[in-house]
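So you know, we letter chains A, B, ... as the sequences are listed, proteins then strands, and number each from 1.
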Protein chains: 2
Amino acid sequence: MARRPAGLTANREDILLAAADVLQRRGYAATTMKEIAAAANLTAGTLYHYFANKDALVLAVLEMGLEAGIARVEPIAGDASRPALERLRDMMAAHILGLTEQPAIGAAMVFEIRALLYASDDGEAEDDADVQEFLVRRQEFFGRRDDFERLFRQVVQQAIADGSLRPIDAGLYVKTLLGAQNWVGVWYRPEGRLTGGEIAARMVDLLIEGVRP
Amino acid sequence: MARRPAGLTANREDILLAAADVLQRRGYAATTMKEIAAAANLTAGTLYHYFANKDALVLAVLEMGLEAGIARVEPIAGDASRPALERLRDMMAAHILGLTEQPAIGAAMVFEIRALLYASDDGEAEDDADVQEFLVRRQEFFGRRDDFERLFRQVVQQAIADGSLRPIDAGLYVKTLLGAQNWVGVWYRPEGRLTGGEIAARMVDLLIEGVRP
DNA sequence: CTCATAATCAAATCCGGATTTGATTATTCC
DNA sequence: GGAATAATCAAATCCGGATTTGATTATGAG
C-alpha cells in the first residue's frame, strides 16, 4: 500500500483513540500491542510505523488525553471577564463532563501515570536515542500536568483574593478537587444512575459550597 | 533450611510489605518478581513458596491494604454512642492518615485495581484450580471494597437523617470523598509541606463544610 | 505511465520475566 | 540424634509479547 498523506494524521489519531480504549479497559500491563492493533484494524507490526515502541505509544495516548483536558479548561480559566468563582465552577464541570464523555482517556490518566513514571529508569546510563527522546517527552508531559493543576490553583487563588472563597489552602484544595474529579473517570459508567452532566453539577456543588465565605 | 513455624506468618507479611513498597514505586507492569524478592531479601523462586503466582501475590497485597483501611475505619463507623457527623470526620481523618503512613499500600489501592480487574479474564473457560481460586478471591476483594465504601455511605446517611448534614446525594458524596482521599496516597510525600495529620485535618474541613445544613 | 514513498502485512526473531526443578540447609518435634 | 518438613537457592525452562524483517500494495507527484 502506498502513501496516504491526507489520512496520515487521522490514522495516527485513530490508533491513539483505539489504544486509549484498550488501555482503559485492560490496564497497561494486560494491554498487548496486538490488542491495540486489532482495535485499530491493524497488525502489531504496523504500529511501529507510527510509534517507536509501546511506551511511546502509551505516552502519546496520555498526552492526547491531557491536552484534551487542558483545552477544555484553559479557555475558561483565562476568561478575565468573568468572576473567578464562576470560572472555577465551569472549569470543574467541564473537566468532569470531559471525563465522562471520554472515559478511556480519563481513566488512563489516573491509572497509567505510574507505569510511565519509572519506565526506562533502570539506573545505568541509557544512550539510545529513542530512550532519550522518550525521557524528554515524559518530562514535558509531567510539566503539562503541572500546568493543568496550576490553572485550577490560580483561579482558586483569584477567588480567594476577591473574597468569593474563604481563605483556604489553595494547593491542598486543588488536589482535593482533582482527586475527586479524576476519580469520576474510574467509576463512571454510561449506563449508571446519573448522567455526566448530573454528576458534574452535583459534584461542583459538593466541592464548592464548603469553601465559600 | 527447615521449618520456621513461629516466623511463617511474619515472613509472609514481610513479603507483602516489601511487595507493596515496590509496587507503589514501580507500578504493576514494571515490578518484577525478582525485584520483590530482592526487597524481601529472597530470590524469585522462593516467592512461589508463599504465592501461586504474581497475580496472587499482588492480590494479597491489595487485600492486606484494604483490610488495614477497613480496620481503621470500621470501629469508628460502628460506634453508635457518637454522633454520625463526628464519626464521619474521624473516619475520614483516620483513612487519610493511614494513607500517608502506609503510602505503599494506599497507592497500590488506587493504581493496581485495574490490572487486577481483567487479569485472567481471557474469555475461554479456565479450569485451572489456581485460576479458579484467584477469581473467587478477586471477587471477594471487590466485595470488601464495596463494604468499605458502604461504611462511609451509611454514616453519611445517618448524618443526613439526624439533620447534621444537608440532604445531599449520599452515594455521589461518598465517591467524591473517596476520590479525594485516595488521591492523597498518590501525591503525598513524607518530605512534603504538610504532615499527614495536617492534610487529614484540612481536607476533612474542605470536604465537610460544604455539606452541613 | 513510472517512480518514490507511505502503509501494511505475515512471519521470524528476541528477550526478559514468570515459573519450575532439583538440590541443600535449618528447625522443630520426639 | 534422626525423621519430617519448611525455607531457600541457583540454574534451567518456558513462553508470550515486543520488536524486527522482508516483502507487497496503493497512491500521489511529475
Side-chain angles (χ1 to χ4, degrees), chain A residues 1-16 18-19 22-23 26-61 115-116 118-124 126 128-131 134, chain B residues 1-16 18-19 22-23 26-60 115 118-124 126 128-131 134:
Chain A
M1 306 151 188
R3 209 190 287 187
R4 194 199 307 181
L8 189 154
T9 310
N11 265 333
R12 191 187 151 93
E13 185 148 346
D14 287 347
I15 294 175
L16 291 181
V22 179
L23 242 17
R26 317 265 305 168
Y28 178 91
T31 297
T32 150
M33 292 298 267
K34 202 195 281 185
E35 269 182 307
I36 293 176
N41 292 312
L42 292 174
T43 54
T46 302
L47 294 178
Y48 291 83
H49 250 289
Y50 296 89
F51 307 94
N53 53 45
K54 184 178 174 183
D55 280 343
L57 200 175
V58 172
L59 178 53
V61 170
L116 220 60
Y118 287 90
S120 320
D121 260 5
D122 306 21
E124 309 318 303
E126 290 283 0
D128 192 309
D130 281 347
V131 174
F134 175 81
Chain B
M1 304 151 189
R3 207 189 290 187
R4 196 199 303 180
L8 188 154
T9 309
N11 266 332
R12 190 186 153 94
E13 186 149 345
D14 287 347
I15 294 175
L16 289 181
V22 179
L23 242 18
R26 317 267 303 170
Y28 178 91
T31 297
T32 151
M33 292 297 268
K34 202 197 279 187
E35 269 182 307
I36 293 176
N41 291 313
L42 293 173
T43 54
T46 302
L47 294 178
Y48 291 82
H49 251 289
Y50 295 89
F51 306 94
N53 53 46
K54 185 179 173 182
D55 280 344
L57 199 175
V58 173
L59 178 54
Y118 286 89
S120 323
D121 260 5
D122 305 21
E124 309 318 304
E126 289 282 0
D128 192 306
D130 280 347
V131 174
F134 175 81

Can you pull the salt bridge (Lys or Arg N to Asp or Glu O under 4.0 Å) pairs that have at least one residue in residues 34-43 of chain A, sequence neighbours excluded?
R26(A)-E35(A)

Could you measure the distance from the CG atom of N11(B) to the CD1 atom of I15(B)? Nearest 0.5 Å is fine.
6.5 Å

Between dT5(C) (P) and Y50(A) (OH): distance, integer Å
17 Å

Going from CD on E13(B) to CG on L16(B), what distance comes out if it is rounded to the nearest 0.5 angstrom?
7.0 Å

To the nearest 0.5 angstrom, please state how far the CG atom of L42(A) sits from the OH atom of Y50(A).
7.0 Å

From the options dC9(C), dC9(D), dA7(D), select the nucleotide whose nearest atom is closest to the side chain of L42(A).
dC9(C)

State which residues pass side-chain hydrogen bond (donor to acceptor under 3.5 Å, both in side chains) with T46(A); sequence neighbours excluded, sorted by chain then number.
T43(A)

Report, one pair per line, the protein and nucleotides 18-22 of chain D atoms (nitrogen or oxygen only) whose separation is under 3.5 Å.
| from | atom 1 | to | atom 2 | distance (Å) |
| --- | --- | --- | --- | --- |
| dA18(D) | OP1 | T31(A) | O | 3.4 |
| dA18(D) | OP1 | K54(A) | NZ | 3.3 |
| dA18(D) | OP2 | T32(A) | OG1 | 3.0 |
| dA18(D) | OP2 | M33(A) | N | 2.9 |
| dT19(D) | OP2 | Y48(A) | OH | 2.8 |
| dT19(D) | OP2 | K54(A) | N | 2.8 |
| dT19(D) | O5' | Y48(A) | OH | 3.3 |

